Every structure is written in C-alpha cells, then in structure tokens.
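Take a look at the structure set out below.
Everything numeric in this text was worked out from a predicted model, so none of it was measured. Reckoned from all heavy atoms, side chains included, excluding hydrogens, waters and symmetry mates.
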Amino acid sequence: MSADQPAACCPPADDRPDLRPVEGEEADVELAALAKAIGHPARVQILRLLARRSACVCGEIVEELPLAQSTVSQHLKVLKDAGLIRGEIDGPRTCYCLEPRTVRRLKALIGGL
C-alpha cells in the first residue's frame, strides 16, 4: 500500500435506515454500552481523529495522543469491541477507521434522550 492509497479497511457507506427503536430496555442497554466505550477522553479523541480522516489511520493515532502505544492499543480495543471502529491488519500494523453505522446509531440513541 502506498502513501497515496487509502487502506481497504474503511467500510463502504451504508445508508440503510436503522429502524430499531431509540427508547426501551434494549435501546437503554445499547446506549449504556456505547456510552461506556466513549467514557474516556482518549477514546473520544481517537473517534474525532478517525472522523477527520477519509481513509484508515494506522500509526498516526499513537503520534497524535500523549499516551504510550500499549495504552492507545487498549483504548482502540474498547472502541472496536463496542463496534464504533473497525480495524484491519495491514502487514505488521493494524489500520483503523470509524464504523459509520454504529456512530449514527449512537447519535440516534443520544437524540432519543
């Protein structure tokens, strides 16, 4: 992969409407899990960084945050486990990008408060 080519991990746009309810017990559990995933300032910074990019981000995440590689990796794992980001292995590194459908769902759940 050259510097001019974006990594292939970014999901294609999924414009299908999410018709799940934004209220009720299941929605509350889902919102709580997503809120827990973004409940640390470093994870919010990571999401903002990824939102500003149109392609996957690999090593730049560590360069952008005043945290150790291992700490950034743990935050990335939390975000990935919550479905907010996608990570694909590209040789010796993992490249990350937002999972737009989950981010839209988070916004809808918050809007339902």
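With hydrogens and angles disregarded, a donor-acceptor distance shorter than 3.5 Å links the side chain of Thr102 to the backbone of Gly83.
Between atom CD of residue Glu88 and atom OH of residue Tyr96 there is a gap of 10.0 Å, rounded to the nearest 0.5 Å. Here the SG atom belonging to Cys95 is positioned 11.0 Å from the CG atom belonging to Leu50, to the nearest 0.5 angstrom. For the atom pair CG of Leu79 and CG of Leu47, the computed distance is 5.0 Å after rounding to the nearest 0.5 Å.
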Atom pairs and distances, side-chain donor-acceptor, residues 55-68, under 3.5 Å, sequence neighbours left out:
residue: Glu60; atom: OE1; partner: Arg53; partner atom: NH1; Å: 3.3

Pairs of donor and acceptor atoms involving the side chains of residues 106-113, under 3.5 Å and at least two apart or interchain, shall be tabulated with distances.
none

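Judged as a side chain to side chain donor-acceptor pair (under 3.5 Å), and not counting sequence neighbours, Thr71 has no contacts. Judged as a side-chain contact (heavy atoms from CB on, under 4.5 Å), and not counting sequence neighbours, the contacts of Arg101 are Asp14, Arg16, Asp18, Arg104. Remark: Gln74 pairs with Lys77, Val78 by the side-chain contact (heavy atoms from CB on, under 4.5 Å) rule, at least two apart or across chains.
The shortest non-hydrogen separation linking Ala27 to Pro21 is CB-O, 3.6 Å.
Using a 4.5 Å heavy-atom cutoff, the side chains of Leu98 and Leu84 are not in contact.
Counting only residues at least two apart or in different chains, side chain to side chain donor-acceptor pair (under 3.5 Å) contacts with residues 29-43 comprise Arg20-Glu30, Glu30-Arg105, Arg43-His75.
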